[in-house]
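Below is one structure; the comments refer to it alone.
Numbers restart at 1 for each chain; the letters A, B, ... are given by sequence-line order, proteins then strands. As the structure is a computational prediction, the values presented were derived from the model and not from experiment.
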Number of protein chains: 2
Amino acid sequence: MDRNTLSSLIWLRMARFVQRSNHLSNEFLEQYGLTAAQFDVLAQIQHNQPITQTELADKLTLTCGGISRMLTRLEKENLIIRKQQWKIKYISLTDKGSTILNEAIPAQVAFQASMFDEVLDEAEKKQLYALVKKLHKASLEKTVSPK
Amino acid sequence: MDRNTLSSLIWLRMARFVQRSNHLSNEFLEQYGLTAAQFDVLAQIQHNQPITQTELADKLTLTCGGISRMLTRLEKENLIIRKQQWKIKYISLTDKGSTILNEAIPAQVAFQASMFDEVLDEAEKKQLYALVKKLHKASLEKTVSPK
DNA sequence: TATTATCATTTTACTAGTCAATTGATAATA
DNA sequence: TATTATCAATTGACTAGTAAAATGATAATA
């Protein structure tokens, strides 16, 4: 009945902050011709290439279907290539993808960090990290119908 | 270059927690035949009905186009009605929508809260609320190219 | 060799959202 | 009265995702 519990208030602010952050990242990454979702996928590929689609889906917590579609778009723009070996497709960046990412990564990491650094001091960030880490871990174990 | 700054770590955990929470809410709300997105829209309508689409978009921080599409789906399922008055459409819940929501709201609020209550104590929740409130407020003022 | 199993990837049909252009209803002006 | 302006709502073309069924490639068994 009472919807204004502390937990509800936290949830609202957190969800809105994440939404707003994503929106700002999308705007920021426009200069590199990337969306935030594409950036995440490409950055993950760069750090793990060559990597299979299933591994990629796992690391990004997306479904295989979602990854498949995303890679089709990225392939169309010549940012990645898929090489089939055995029954598995290995993904890596093209030169174009690599070049763009080398510029985009430090910029985006700095931009993302500024969202926190401009507002919180070191102690607050450590506090916040401890809290969200706890929440995230618990959420991975939580199920809808326990038992 | 160093992607493992504290800020990056916070961002990752927070984004993943929000994603996971949404997934769990979707599973939880299945028993009411609703998705989390639909629940949010319907709950907002219930608390403000009758409300215009523009106001609704504003409260939910969605675009008018997005709201229009969502309401079309909800209307098709007989959960809401749009009544045109002057050049504005006023949205309200149908009896069916109202009945479902009266059950779903307390359950979903409790479920959502459990995500926090099972992990954090009162003091931690107050701390967390203060931090995310700060972050959220700052993000609303932040722009990509300052100046 | 033919059949079955395995498991990565893709596809189908959908929800949910964006931005930008268009439409609809009404008011204000020429 | 005809034209223009205003502004809510819708639509078109897209990205990004899901769950579940289908496909493809290879291995293992009958």
For C:dA30, what is the paired nucleotide under Watson-Crick or G-U wobble rules, both distances under 3.5 Å?
D:dT1

Test your reading of the model: is there a side-chain donor-acceptor pair from B:Q49 to the backbone of B:L93, 3.5 Å cut-off?
yes

Taking atom types as modelled, find out whether B:S98 and B:Q46 have a side-chain donor-acceptor pair closer than 3.5 angstrom.
no

Main chain of B:E77, side chain of B:K96: is a donor-acceptor contact present, judged purely on distance under 3.5 Å?
yes

Calculate the interatomic distance between B:Q85 atom CD and C:dT26 atom C1'; express it in whole Å.
14 Å

Taking CD1 from B:I88 and C1' from C:dT23, how many angstroms apart are they, rounded to a whole number?
16 Å

For B:F39 and C:dT15, what is the distance between atoms CZ and C1' respectively, to the nearest whole Å?
18 Å

Which parts of nucleotides 16-24 of chain D does protein reach within less than 4.0 Å, heavy atoms only, written one letter per nucleotide 5' to 3' as B for base, S for sugar-phosphate only and - for none?
SBBS-----

Is any side-chain N or O of B:T54 closer than 4.0 Å to OP1 or OP2 of D:dA9?
yes

For the hydrophobic clusters of this structure (ILVMFWY residues joined by side-chain heavy atoms under 4.5 Å, transitively), does one cluster hold both B:L12 and A:L120?
no

Whole-Å gap separating C1' (C:dA16) and CG (A:N22):
14 Å

Could you give the CD-to-C1' distance, from B:Q53 to D:dT11, as a whole number of Å?
13 Å

Parallel under 30°, tilted from 30 to 60°, perpendicular over 60°: which one fits the rings of B:W11 and A:F17?
perpendicular

Distance alone, cut at 3.5 Å: any donor-acceptor contact between the side chains of A:R16 and B:H136?
no

A:R16 has an atom CZ; how far is it from atom C1' of C:dG17, in whole Å?
14 Å

Under 4.0 Å from OP1 or OP2 of D:dA27: is there any side-chain N or O of A:W86 that close?
yes

Phosphate OP1/OP2 of D:dT10: any B:K89 side-chain N/O under 4.0 Å:
yes

Whole-Å gap separating P (C:dC19) and CD (A:E27):
9 Å

Nucleotide C:dT15, atom P - distance to CD of B:E30 in whole Å
14 Å

Would A:T72 and A:R82 count as having a side-chain donor-acceptor pair, cut-off 3.5 Å?
yes

